[in-house]
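Reckoned from all heavy atoms, side chains included, excluding hydrogens, waters and symmetry mates. In what follows, residues are counted from 1 in the order of the sequence shown.
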Amino acid sequence: MNKLIPIFINGKKWVQLSQLSRDQERKFKSWLPVNCLKKVFFQGMELKDCVDFETYEYWFKSNQISGQKQEAFDI
C-alpha cells in the first residue's frame, strides 16, 4: 500500500481521500468518524474530502501492522 504525501495548507498537513485507491478509501472511510472530513480552501479551490495528515498516518500505520499480522497467519 502506498502512503500519500501530505499537502501543506495554512501551516497544516492534509490529505485528500480522493487520492487513495477505491479500496483504501472505502477502508479508511469505514474507520474514520464522519466529523473528521473537512473542506479546505487551496488556491481558490474547495477540497471537500480532506482529513488531517496525522489521522491518516495513524490509520495507515495501524492498517499496515494489521495487514502484516494477517500475512503471518496466512503462511
For N10, I'd like to know if atom CG has over 12 heavy atoms of other residues, nucleotides or ligands within 6.0 Å. no
Closest heavy-atom pair, Y56 versus L4, reported as atoms and distance to 0.1 Å, is OH-N, 2.9 Å
Looking only at heavy atoms, the pair that brings P6 and V15 closest together is CA-CG1, 4.1 Å
Cluster check [X], [Y]: I/L/V/M/F/W/Y, side chain < 4.5 angstrom:
X   : Y   : result
F53 : L20 : yes
L17 : F42 : no
L37 : F28 : yes

Using a 3.5 Å distance criterion without hydrogens, assess whether the side chain of D49 forms a donor-acceptor pair with backbone atoms of S18. yes
Keeping S62 on the side-chain end and Y58 on the backbone end, is there a donor-acceptor pair under 3.5 Å? yes
Given side-chain contact (heavy atoms from CB on, under 4.5 Å), test E57 with K3 step by step and report yes or no. CA-CA 8 Å; E57 189 170 43; K3 185 176 177 182; 2.8 Å; yes
Nearest 0.5 angstrom please: K48 NZ to K39 NZ, how far? 6.0 Å
Can you tell me how far the SG atom of C50 sits from the CD atom of Q16, to the nearest 0.5 Å? 4.5 Å
Just checking, K12 and W14: is the charged tip under 6.0 Å from the six-membered ring centre and within 45° of the axis? yes
Determine, step by step, whether L47 and I9 satisfy the side-chain contact (heavy atoms from CB on, under 4.5 Å) criterion, reporting the C-alpha distance in whole Å, the side-chain angles of both residues, the deciding distance to 0.1 Å, and the verdict. CA-CA 11 Å; L47 309 176; I9 302 171; 4.1 Å; yes
